[in-house]
Structure formats: structure tokens, C-alpha cells
Participant: 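Sharing a structure below in C-alpha cells format, with a few things to ask.
A quick note: this is a predicted structure, and the numbers were derived from the prediction, not measured. Reminder, nothing fancy here: chain letters follow the sequence lines and each chain counts from 1.
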Amino acid sequence: MTIQSGTASALLAWYDAHARELPWRAQPGAALPDPYRVWLSEVMLQQTTVAAVKPYFEKFTERWPDVFALAAAPDEDIMAAWAGLGYYSRARNLVKCARAVAELGSFPETEAELLKLPGLGAYTAAAIASIAFGQRAVVVDANVERVVSRLFAIEQPLPGSRKQIRIDAASITPEQRAGDFAQAMMDLGSGICTTRDPKCLLCPLIAGCKAQKTGDPARLPVKPVKKAKPVRQGTTFWIEHDGKVWLETREGTGMLGGMRSLPDDGWHSGGDGDRKAPHAAKWQDAGVVRHTFTHFSLELSVKRGLAESTEINRSGEWWPIDQIESAGLPTLFAKAARLVLAQD
DNA sequence: GATGCGTGGAA
DNA sequence: TTTCCAAGCAT
């Protein structure tokens with residue numbers, strides 16, 4: 001037995017005994033899982049923890065049991081259901097992808113065809129091809145990068161080491177059970193070969209791990225230093241009339257694009273807002289929301305005011321305040337709404 | 001290849 | 001409290 005096939009068989013044996021039970025996985029020994037559920041879970045799991053995904057996955061699959069149901073749903077319903085999960089381009093692409101697949105009639109089964117779908121990159125295409133369709137594909141996510149960096153003691157920092165990581169990951173990926181192998185690598189990275197304080201004594205791959213032999217596997221992979229996040233100032237406006245609040249839908253594909261929100265003063269990642277209200281009213285301070293995004297922090301002043309009529313000279317809709325939870329506000333604006341409503 | 005893009009939990 | 005980050009993708 002070669003070292004490479006020994007790695008895969010040791011990992012698969014460990015997986016057979018210790019695999020996490022997750023809602024999108026087939027039962028052990030069962031047929032391959034539903035591609036729709038695999039796709040949906042993989043998109044939700046992009047840069048997102050299992051714990052955060054679980055309730056969203058349950059909600060989506062209950063409401064939209066297959067790709068045709070999802071493809072037929074209005075954009076706004078899907079965007080609202082995604083609210084709070086973050087990285088909203090995923091939801092925008094989810095809609096496009098569902099409709100493309102519905103048009104095709106089913107999910108394509110090869111990595112190359114999957115890669116053409118909106119929102120599917122190298123990782124997700126390989127994951128679906130292997131997990132849902134049983135094809136051999138080299139699945140490389142952050143867990144695999146960490147495990148492989150340690151197994152092979154790759155000293156070059158990310159992201160420059162990605163080419164070598166892929167070569168080494170390919171060298172241990174088996175022809176059979178590639179999907180289980182991928183999920184095993186991710187379970188291993190999640191529970192054993194963790195970023196901090198790896199549990200090497202529980203690791204099924206300890207015998208072949210070069211970094212473990214050096215005594216400090218947690219040092220790998222070497223990552224670049226992160227930039228400091230600027231702090232931006234912004235203002236948002238709670239405009240109330242007859243038990244309803246004025247909501248808008250954000251344009252474009254940028255920050256929070258496609259999501260409902262309170263009107264604001266144009267703050268963005270590169271600069272502060274202009275503090276100008278979208279509508280004439282007597283404004284009252286409701287407080288400040290602090291929220292940290294991927295690349296900047298925001299101090300959002302919340303102003304509240306009453307509209308004298310339902311006429312607002314811009315695009316939007318009046319939303320019943322007692323149903324604000326169903327509006328699908330991203331967390332930033334949900335925080336602002338909570339701030340206002342806590343005062344009543 | 002670098003940058004923009006959310007969120008909530010862990011340490 | 002602050003930092004770091006978790007199953008990436010699009011441009």
C-alpha cells in the first residue's frame with residue numbers, strides 16, 4: 001500500500017466511525033444525497049459555520065423542497081429568507097442558479113459543467129461533483145488547506161501555497177469515495193486539525209503528518225497579516241406612519257445589494273454618509289448601532305421621525321411594524337430596528 | 001493576484 | 001473588549 005492510499009483509507013475508516021450527522025448528508029451506507037440539498041448546503045456553508053447554516057437549511061428545504069420550487073419563488077422571498085446569513089451575493093446567485101438548473105431539468109453531474117453555474121467556484125463544483133454524484137474530484141477548501149499544509153509541512157504562506165496544496169491534495173484523493181473523503185477532510189479540519197490547538201493525539205493521520213513531527217503543527221498554514229479595518233460613520237432613518245415603517249430595497253451587486261433596508265445617508269466601505277435625511281421630518285435620536293463588516297466597521301446613527309402622509313418621494317414600501325421580522329432585514333438594519341422598537 | 005463582500009461565536 | 005475567523009466567489 002502506498003503512503004497516499006494509506007492516508008485516504010485511514011481517513012475514510014475514521015470517517016466511517018466519526019462522521020458528523022448533518023441534515024444535508026445521506027445516512028451512512030445510503031445512496032448518494034440529493035444534489036439539491038448538497039448544492040444548497042454547500043452555498044450556505046461558503047465562509048459560514050455549520051451552526052449558523054443549520055436553521056437556514058431547515059427553513060429553506062421545508063419551504064422549497066426541490067430546485068423547481070426554489071426557481072419558482074419570487075426573488076424577494078428568497079432574499080428575505082437569506083437575511084442574516086450574510087454574503088448576499090450568494091443569495092442573488094442562488095436564485096440565478098436555481099432557475100438555470102430548473103431550465104436544464106436537473107443539476108449537471110460533472111465538475112466542469114457545475115463550474116459554469118452562478119455562485120459555483122472551484123470548491124463548490126468539486127464538492128457537489130464528488131458528494132452528490134460520486135465523481136472523483138479534488139476538493140480544496142480552508143479545512144483541506146489547513147490539513148494538507150500540515151500533512152506535507154508546506155512552509156510557503158497562503159495564498160502563494162495554493163498551487164502546491166492542490167497538488168498534494170490531489171495526491172491523496174482516492175478514486176473511490178471521493179465525496180466521503182472530502183467530507184472527512186472537512187470534519188477532520190473542523191474537529192481535530194483545528195486552527196488553534198489541534199487534537200493531534202486523536203488524529204487518524206498522525207503517523208503521516210510532517211508538521212506534527214516538527215512539534216508545532218498549529219504554526220501552519222502561514223497566513224498573511226491582515227489590514228486594519230477603517231471605521232465609517234453613517235446614518236439611517238426610521239420613518240413611521242400609521243403603524244408602518246418605510247423600507248427600501250438596495251440596488252446593485254455591492255454591499256447588501258438586493259436586500260430590504262431602512263433608508264440611509266449613503267455610507268459605504270470607502271467613506272462616511274452625508275447625514276442627509278431622505279425625507280423632511282422632525283428627527284429624534286434613537287442611538288447608535290456598531291457593526292463590523294468584513295473590511296470595515298460602521299457606527300450607524302439611528303434617527304426616527306414621523307411622516308405626515310404616505311407620500312415618500314423615492315422608491316420603497318410601507319411595512320407593518322408588527323411584522324418587521326418578516327421583512328428580511330440584514331443584521332445591521334435589524335439591529336437598528338430593534339434599537340427603535342426597544343424604546344417604545 | 002488583490003479586493004470586496006456578513007455574521008456570530010470562540011478565545 | 002478585541003481579534004480572529006468559517007465548507008469562497010466574482011471581478
Participant: Check this for me: does any side-chain nitrogen of one of Asp34(A) and Arg37(A) sit under 4.0 Å from a carboxylate oxygen of the other?
Facilitator: no

Participant: Taking only side-chain nitrogens and oxygens of Thr292(A), does any of them come within less than 4.0 Å of OP1 or OP2 of dG6(B)?
Facilitator: no

Participant: Regarding Thr124(A), tell me which of base, sugar-phosphate or nothing describes its non-hydrogen contacts under 4.0 Å with the strands shown.
Facilitator: sugar-phosphate

Participant: Let me know the distance between OH of Tyr87(A) and C1' of dT3(B), rounded to the nearest Å.
Facilitator: 11 Å

Participant: Just to be sure I understand the rule, does Ala142(A) reach a base, reach only the sugar-phosphate, or reach nothing, if contact means heavy atoms closer than 4.0 Å?
Facilitator: sugar-phosphate

Participant: How close or far is atom P of dC9(C) from atom CG of Leu114(A), stated in whole angstroms?
Facilitator: 12 Å

Participant: For residues 226-234 of chain A, which side-chain N or O atoms pair as donor and acceptor with protein atoms under 3.5 Å away, sequence neighbours left out?
Facilitator:
residue: Lys229(A); atom: NZ; partner: Phe293(A); partner atom: O; Å: 3.2
residue: Lys229(A); atom: NZ; partner: Thr294(A); partner atom: O; Å: 3.2
residue: Arg232(A); atom: NE; partner: Ser269(A); partner atom: O; Å: 2.9
residue: Arg232(A); atom: NH2; partner: Ser269(A); partner atom: O; Å: 3.3
residue: Gln233(A); atom: NE2; partner: Glu299(A); partner atom: OE1; Å: 3.3

Participant: Across the strands shown, which category fits Gly257(A) at heavy-atom distances under 4.0 angstrom: base, sugar-phosphate, nothing?
Facilitator: nothing

Participant: Would the base of dG6(B) count as contacting Thr331(A) through its side chain, where contact means a donor and an acceptor less than 3.5 Å apart?
Facilitator: no

Participant: Using the rule ring-ring contact (aromatic ring centres under 6.0 Å, His included), only one of Tyr36(A), Trp39(A), Phe133(A), Phe68(A) pairs with Phe107(A); which is it?
Facilitator: Trp39(A)

Participant: Within this structure, what is the CD-CH2 distance for the pair Glu58(A) and Trp24(A), rounded to the nearest 0.5 Å?
Facilitator: 8.5 Å

Participant: Looking at the side chain of Thr49(A), which of dG8(C), dA2(B), dA6(C) is the nearest nucleotide?
Facilitator: dA6(C)

Participant: Could you measure between the two P atoms, the one in dG6(B) and the one in dT11(C), and give it in whole Å?
Facilitator: 14 Å

Participant: For dT3(B) and Lys227(A) - does any side-chain N or O of the residue sit under 4.0 Å from the phosphate oxygens OP1/OP2?
Facilitator: yes

Participant: Where the side chain of Leu332(A) is concerned, which of dG8(C), dG6(B), dT7(B) is the nearest nucleotide?
Facilitator: dT7(B)

Participant: Roughly how far, to the nearest 0.5 Å, is the CG atom of Leu120(A) from the CG atom of Asn93(A)?
Facilitator: 9.0 Å

Participant: For the side chain of Arg146(A), counting heavy atoms from C-beta on, which of dT7(B), dA6(C), dC5(B) is nearest?
Facilitator: dA6(C)

Participant: So with a 6.0 Å cut-off around CZ of Arg20(A), is the heavy-atom count from everything else above 12?
Facilitator: yes

Participant: State which of dC5(B), dG8(C), dG6(B) makes the closest approach to the side chain of Ser269(A).
Facilitator: dC5(B)

Participant: Find which nucleotide of DNA chain C each of Thr294(A) and Lys226(A) is nearest to by heavy atoms, and output the residue with the more 5' nucleotide.
Facilitator: Lys226(A)

Participant: Go nucleotide by nucleotide along DNA chain C from the 5' end; which of Gly119(A) and Trp24(A) gets its closest nucleotide reached first?
Facilitator: Trp24(A)

Participant: Less than 4.0 angstrom between a side-chain N/O of Tyr88(A) and OP1 or OP2 of dT7(B), yes or no?
Facilitator: yes

Participant: Check the distance between dA10(C)'s P and Lys116(A)'s NZ and give it to me in whole angstrom.
Facilitator: 15 Å

Participant: Give the rounded distance in Å between these two atoms: CZ of Arg90(A) and P of dG8(C).
Facilitator: 9 Å

Participant: Go through the steps for Asp264(A) and Arg275(A) under the test salt bridge (charged side-chain N to carboxylate O under 4.0 Å, His left out), then give the verdict.
Facilitator: CA-CA 8 Å; Asp264(A) 65 29; Arg275(A) 296 176 174 276; over 6 Å; no

Participant: To the nearest Å, how far apart are Arg250(A) CZ and dC5(B) P?
Facilitator: 11 Å

Participant: Nearest to the side chain of Thr195(A), which nucleotide is it out of dT7(B), dA6(C), dG8(C)?
Facilitator: dA6(C)

Participant: Which is true for Val144(A) with a 4.0 Å heavy-atom rule: it touches a base, it touches only sugar-phosphate, or it touches nothing?
Facilitator: nothing

Participant: Distance check needed: dG1(B) P versus Leu158(A) CG, whole Å only.
Facilitator: 13 Å

Participant: Less than 4.0 angstrom between a side-chain N/O of Lys229(A) and OP1 or OP2 of dT2(C), yes or no?
Facilitator: no

Participant: Which part of the nucleic acid does Met186(A) contact within heavy-atom distance under 4.0 Å: base, sugar-phosphate only, or nothing?
Facilitator: base

Participant: Compare the minimum distances between each of dG8(C), dT7(B), dC5(B) and the side chain of His295(A), then state the nucleotide with the smallest one.
Facilitator: dC5(B)

Participant: About how many Å separate CG of Leu85(A) and CE of Met44(A), when rounded to the nearest 0.5 Å?
Facilitator: 6.0 Å

Participant: Regarding Ala122(A), tell me which of base, sugar-phosphate or nothing describes its non-hydrogen contacts under 4.0 Å with the strands shown.
Facilitator: sugar-phosphate

Participant: Hey, can you pull the residues of residues 39-48 of chain A with a non-hydrogen atom under 4.0 angstrom from DNA chain C?
Facilitator: Glu42(A), Leu45(A), Gln46(A), Gln47(A)

Participant: Identify whether any heavy atom of Leu85(A) sits under 4.0 Å from a base atom; if not, whether one sits that close to sugar-phosphate; answer base, sugar-phosphate or nothing.
Facilitator: base

Participant: What is the distance, rounded to the nearest whole Å, between atom CZ of Arg232(A) and atom C1' of dC5(B)?
Facilitator: 15 Å

Participant: Let me know the distance between CZ of Arg162(A) and P of dG1(B), rounded to the nearest Å.
Facilitator: 10 Å

Participant: OG of Ser130(A) to CD of Gln135(A): how many Å apart, nearest 0.5 Å?
Facilitator: 9.0 Å

